[in-house]
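Each remark here refers to the structure printed beneath this line.
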Number of protein chains: 2
Amino acid sequence: MKITNPTQQAAVTTADKVFQQMQHAIVEGEIAAGSKISEPELAKRYQISRSTLREALNRLEKCHLIERKANVGSRVVTCTIEGLLELYITREALEGMACRQAAKNMSDEEILHMQDMLKIHAQTQDLKDGVAYYQEEGNLDFHYKVILGSHNKQLIELICGQLYHLVRMYRCQFGMHSPRASRAFDEHANIIQAIADRDGELAEMLMRRHIAASRKNIENKIAQEIAHKEQANIVLIKS
Amino acid sequence: MKITNPTQQAAVTTADKVFQQMQHAIVEGEIAAGSKISEPELAKRYQISRSTLREALNRLEKCHLIERKANVGSRVVTCTIEGLLELYITREALEGMACRQAAKNMSDEEILHMQDMLKIHAQTQDLKDGVAYYQEEGNLDFHYKVILGSHNKQLIELICGQLYHLVRMYRCQFGMHSPRASRAFDEHANIIQAIADRDGELAEMLMRRHIAASRKNIENKIAQEIAHKEQANIVLIKS
DNA sequence: AAAACAGATATTGTCGACAATATAGGCGCT
DNA sequence: AGCGCCTATATTGTCGACAATATCTGTTTT
């Protein structure tokens, strides 16, 4: 599962490399969410000086993966349900608008390319052996293509450069391999159709519903899990 | 004209102070847009070491006021018309959603407080002596209140913490003291009404139109200015 | 015994120096 | 004379040490 962010430029400086390593480590939970970051310890672990580490930390802060307090230190962000919902609300706004702009600004070639991509995903799904692929990489591919298609640097930077690392972190931490692949596939197809028709208003609405549906799916799932745990607790209390 | 960002916490470290100073300097054009940043020179000017300066630069980069390239250096962002339009598109998406959330999440007290604020602005406008005040501080006050009213940390951070510095920069650089104060006032009133009615859908739509109107107003103004300059050029050529 | 103060320890913020990389200017070559 | 290469200079990236601030621990005081 190698998902590379299209806006992420090649790491040239060592601070860049450490940043990317830590980014992966945080997203995948190797560095625990909510844990405090010890600069001396991490500097030793990555064999770099504290200055370089701090440079990396600054970039992690930029994509909202850690939080800093002056004279106190840095903490990895905690994954809360509220945070997840807020993130999806924000995505709905930004990606919705990106989709509207994509309908306006994408070139015909770009649209064709995206339609081709969808066909490949359809085959992959038919074969049923690449569901995980489709859900992870394919899904991201689709969203990235739409966002880049907006041709709006501000939107691209905000979504791809900042939000999506957090999105991936939540996906990993909450173990979300959502089982709504086939429905999502149809939604993707409809969105692409709206873009091809240059219907920005519809494209935005569909993208917003697509993301909102994903959010509601998560809400339900979490509600179920909580209900599960509470039932378990009741059993414990009774025994 | 002292506009303080509500999310901006008190500067405690020297890097913070330098960051704020440079922020103002860039927004108001004292440090020219598009100019290259010389670390040694600025470190001397602010009487700090390069490490501290770089810390400040990192924060400036976070709110999109400078751009860095590895092994090359930092530049102040350039204010282009495309950039301005992209910024407004992004605002439309984010503040629209923030407004929808505000209609959902603001407390009754908050709404009352905002209505009071509007009354004060109305008086100020009636007196006709504080037009500049209304346009600058009052306008920002209104938007800040709505954004904070969303109670969505993600949205608040993105808009208040990052985008609004750029917005202010564009306002200064392009000398925008838009003369649509009275219309904007009415629009504000309608938005607050929608929020008070807890009509999130309408509130979002009104906010989006409000920002889009502002954007179109700018587009027209710039188009006029260009026409003006070209006419001036023609005169020059003829002479 | 609990709270508050004081000192000890650890962590973060800042500094100046060195190493690596890019830019500018002069030299030779075609 | 124009182009490209190579050296010299300047700028950025990285390092280790010191200063300032916060945290922890043990003692004292009410």
Side-chain angles (χ1 to χ4, degrees), chain A residues 7-26 30-78 161, chain B residues 7-26 30-78 161:
Chain A
T7 61
Q8 201 157 359
Q9 59 232 356
V12 37
T13 174
T14 61
D16 276 324
K17 290 170 200 159
V18 173
F19 161 65
Q20 290 189 0
Q21 286 183 49
M22 290 188 71
Q23 198 180 24
H24 276 91
I26 290 175
E30 292 166 37
I31 300 178
S35 65
K36 186 170 182 327
I37 289 196
S38 163
E39 291 184 8
E41 185 202 319
L42 280 179
K44 225 189 317 179
R45 184 182 327 168
Y46 288 104
Q47 304 274 28
I48 55 175
S49 94
R50 261 186 60 228
S51 318
T52 308
L53 178 74
R54 281 165 70 85
E55 183 72 34
L57 292 183
N58 269 316
R59 284 175 225 184
L60 289 171
E61 194 186 5
K62 245 189 307 206
C63 48
H64 303 232
L65 290 177
I66 69 172
E67 286 166 347
R68 282 174 82 188
K69 261 193 273 184
N71 286 318
V72 174
S74 314
R75 298 197 87 89
V76 179
V77 294
T78 53
Chain B
T7 61
Q8 201 156 1
Q9 57 230 356
V12 38
T13 174
T14 61
D16 277 324
K17 290 170 200 157
V18 173
F19 161 64
Q20 290 189 0
Q21 286 183 49
M22 290 188 70
Q23 199 179 21
H24 276 90
I26 289 175
E30 293 166 35
I31 300 177
S35 65
K36 185 169 184 328
I37 289 195
S38 162
E39 291 184 8
E41 185 202 319
L42 280 179
K44 227 189 316 179
R45 187 186 321 173
Y46 289 104
Q47 303 275 27
I48 55 175
S49 95
R50 261 185 60 226
S51 319
T52 308
L53 178 74
R54 282 163 70 84
E55 183 72 34
L57 292 183
N58 269 315
R59 284 176 224 183
L60 288 171
E61 194 187 5
K62 245 187 310 204
C63 47
H64 303 229
L65 290 178
I66 70 172
E67 286 166 346
R68 282 175 82 187
K69 262 192 272 183
N71 286 316
V72 174
S74 314
R75 298 198 88 88
V76 179
V77 295
T78 53

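Note on naming: letters A, B, ... go to the chains in the order of the sequence lines (proteins, then strands), and numbering restarts at 1 for each one.
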* May I ask you to evaluate whether B:Lys36 reaches the phosphate of D:dA10, defined as a side-chain N or O under 4.0 Å from OP1 or OP2? => no
* To do: Give a yes or no on whether a salt bridge exists between B:Arg68 and A:Glu55, defined as a side-chain N under 4.0 angstrom from a carboxylate O.
  => yes
* Asked: How would you label the contact of A:Leu53 with the nucleic acid (heavy atoms, under 4.0 Å): base, sugar-phosphate, or nothing?
  -> nothing
* Asked: B:Gln47 or A:Val12: which one's nearest nucleotide on DNA chain C is closer to the 5' end?
  -> B:Gln47
* Structure fact -> Of A:Asp16 and A:Ala70, the one whose nearest nucleotide on DNA chain D sits closer to the 5' end is A:Asp16
* Which sits closer to the 5' end of DNA chain C, A:Ser51 or A:Ser38, going by the nucleotide each is nearest to? -> A:Ser38
* Does a nitrogen or oxygen in the side chain of A:Arg50 sit under 4.0 Å from OP1 or OP2 of D:dG13? -> no
* **Proximity to the side chain of A:Val72 - top-ranked nucleotide from D:dA22, C:dC15, D:dT12** => D:dA22
* To do: Determine: side-chain N/O of A:Thr14 to OP1/OP2 of D:dG13, distance under 4.0 Å, yes or no.
  => no
* Asked: Expressed in angstrom and rounded to an integer, what is the separation of B:Lys44 atom NZ from D:dT11 atom C1'?
  -> 14 Å
* **Closest listed nucleotide, where the reference is the side chain of B:Glu39 and the choices are C:dG13, C:dT14, D:dG13** => D:dG13
* Structure fact -> To the nearest angstrom, the CZ-C1' distance between B:Arg68 and D:dG13 comes to 9 Å
* Asked: Are A:Glu39 and A:Leu57 side-chain neighbours, meaning at least one heavy-atom pair lies under 4.5 Å?
  -> yes
* Describe the nucleic acid contact of B:Ile37 in one word from base, sugar-phosphate, nothing, applying a heavy-atom distance below 4.0 Å. => sugar-phosphate
* To do: Inspect the surroundings of NZ in B:Lys44 and state if more than 12 heavy atoms from other residues, nucleotides or ligands are less than 6.0 Å away.
  => no
* Considering just the side-chain nitrogens and oxygens of A:Arg54, establish if one lies under 4.0 Å of OP1 or OP2 belonging to C:dG13. => yes
* Structure fact -> Which of D:dG13, C:dC15, C:dG13 is nearest the side chain of B:Ile48? It is C:dC15
* A:Val76 versus A:Ile37: any side-chain heavy-atom pair under 4.5 Å? -> yes
* **Sub-4.5 Å side-chain heavy-atom contact between B:Ile66 and B:Met22** => no
* Look at the side chain of B:Asn71 and decide which nucleotide, out of D:dC15, C:dA22, D:dA22, has an atom nearest to it. => C:dA22
* To do: Look at the side-chain N and O atoms of B:Thr13 and state whether any lies under 4.0 Å from the OP1 or OP2 oxygen of C:dT14.
  => yes
* Asked: Rounded to whole angstroms, how far apart are OH on A:Tyr46 and P on D:dT14?
  -> 16 Å
* Whole-Å gap separating C1' (D:dG13) and CD (B:Glu55) -> 15 Å
* N or O in side chain of A:Lys17 less than 4.0 angstrom from D:dG13 OP1/OP2 -> no
